[in-house]
Each structure stands twice: as structure tokens, then as C-alpha cells.
Amino acid sequence: MTHRAVPADIAERIYKIVAAIPRGSVSTYGWVAERAGFPRHARLVGHALRVLGSNRKVPWHRVINAQGRISFPRGSAPYTKQRRRLEEEGVRFVRGRIDLKRFGWRLTLDELIWKPDQSG
DNA sequence: GGGTTGACCTGTG
DNA sequence: ACACAGGCCAACC
């Protein structure tokens with residue numbers, strides 16, 4: 001037994017959550033972390049995706065940061081790649097930003113129904 | 001084995 | 001909109 005969690009196991013759990021993000025939707029690092037059972041470990045998700053490699057069939061491009069932006073420098077190759085993949089799925093960018101209210105996959109149907117924001 | 005980096009988040013001002 | 005601080009932790013040197 002190891003004296004701590006095996007990173008590979010953590011990564012697999014994260015990949016599973018990412019793989020569940022529907023096409024045409026996006027999620028954030030923080031939310032994936034929480035969903036994978038590691039609240040406030042957003043960085044862990046970033047690391048897991050970084051070491052993912054290009055062979056895996058994990059939709060890494062559907063994970064963006066909490067500001068609704070792609071976490072690569074604008075104009076860089078990976079930025080362009082991720083953005084093009086998202087736009088191909090119908091995700092729309094407004095001034096380099098994605099409207100998480102519209103494309104964000106974070107609320108379950110129950111949460112939408114019970115949303116305490118408005119009474120309508 | 002310690003300091004820095006990074007595909008991060010939230011709160012505060 | 002921007003800057004800063006605290007949290008969190010694997011990868012890297």
C-alpha cells in the first residue's frame with residue numbers, strides 16, 4: 001500500500017467526469033474537481049488534463065476556467081485548437097468568453113428547478 | 001528534498 | 001475591469 005493516493009487513480013476519476021460532459025457544453029476545472037470528489041482541487045484537474053496526452057478520447061476541450069475563458073494564452077496553438085473544437089460543437093464565444101449560464105454544464109435538472117434565484 | 005511553476009478558485013478592495 | 005492574498009497540490013528543476 002502506498003502512504004497516499006495514487007495520482008493515476010485520481011486522474012482516472014477526473015477523466016471519467018470530463019468524459020460525461022455533453023457535446024456542446026462546457027464545465028470548469030473547479031466544478032469537475034468537486035464532481036470528481038475533490039472539492040477546491042481545481043488545479044488537480046488542470047494537471048490531470050495536462051498529462052492526459054493526445055491518445056485518450058477524453059473531451060478535454062470542454063473544460064474551461066471559472067471566468068468562462070480558455071486557460072491557454074490567446075493566440076497560442078492549444079488555445080486555437082480548443083476554441084475551434086468548441087465552436088464546432090456550437091459553443092459560442094463573446095469577446096473571448098463563453099456564457100456559462102448558457103453553455104455551462106454544472107447544474108443538474110433538480111438544481112435548475114429549485115433555483116432560489118427567481119420565483120419564475 | 002526544498003523552491004518554483006502551473007490547462008485553478010474564491011474572496012476582498 | 002484589475003490587483004492581491006490564501007488555499008491546494010502534482011510536476012519540475
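Per chain, numbering begins at 1; letters A, B, ... match sequence-line order.
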C1'-based separation of C:dA5 from B:dA7 [nearest Å]
22 Å

Between B:dC9 and C:dA1, how many Å separate the two P atoms, rounded to a whole number?
16 Å

Nearest 0.5 Å please: distance from the CZ atom of A:Arg74 over to the OG1 atom of A:Thr80.
9.5 Å

cation_pi(A:Arg83, A:Phe93) dist<6.0 Å, angle<=45
yes

Report yes if the side chains of A:Leu86 and A:Arg62 come closer than 4.5 Å at any heavy-atom pair, otherwise no.
yes

Non-hydrogen side-chain atoms of A:Val63 and A:Val26 separated by less than 4.5 Å
no

Rounded distance (Å) that lies between atom [atom2] of [N] and atom [atom1] of [X]:
X        : N      : atom1 : atom2 : result
A:Leu100 : B:dC8  : CG    : P     : 15 Å
A:Ile10  : C:dC8  : CD1   : C1'   : 12 Å
A:Trp31  : C:dC8  : CH2   : P     : 22 Å
A:His47  : C:dG7  : NE2   : C1'   : 13 Å
A:Ile14  : B:dC8  : CD1   : P     : 13 Å
A:Phe38  : C:dA10 : CZ    : P     : 10 Å
A:Arg40  : C:dA10 : CZ    : P     : 17 Å
A:Leu49  : C:dA11 : CG    : C1'   : 15 Å

Would you say C:dC9 has OP1 or OP2 under 4.0 Å from some side-chain N or O of A:His41?
yes

Hey, is the side chain of A:Arg43 pairing donor to acceptor with the base of C:dC8 inside 3.5 Å?
yes

Which residue lies more 5' along DNA chain C, comparing A:Ala42 with A:Arg50 via nearest heavy atoms:
A:Ala42

Using the rule given for side-chain contact (heavy atoms from CB on, under 4.5 Å), can you reason through A:Ser71 versus A:Tyr79, listing the C-alpha separation, both sets of side-chain angles and the distance that settles it, and then say yes or no?
CA-CA 8 Å; A:Ser71 289; A:Tyr79 176 94; over 6 Å; no

Heavy atom of residues 63-83 of chain A under 4.0 Å from DNA chain B: which residues?
A:Asn65, A:Ala66, A:Ser71, A:Phe72

Any side-chain donor-acceptor pair under 3.5 Å between A:His61 and A:Glu89?
yes

Counting heavy atoms from C-beta on, name the nucleotide in C:dA1, C:dC9, B:dA7 closest to the side chain of A:Arg97.
C:dA1

Taking the basic N atoms (NZ, or NE/NH1/NH2) and the acidic carboxylate oxygens, is any pair closer than 4.0 Å for A:Arg84 and A:Glu88?
no

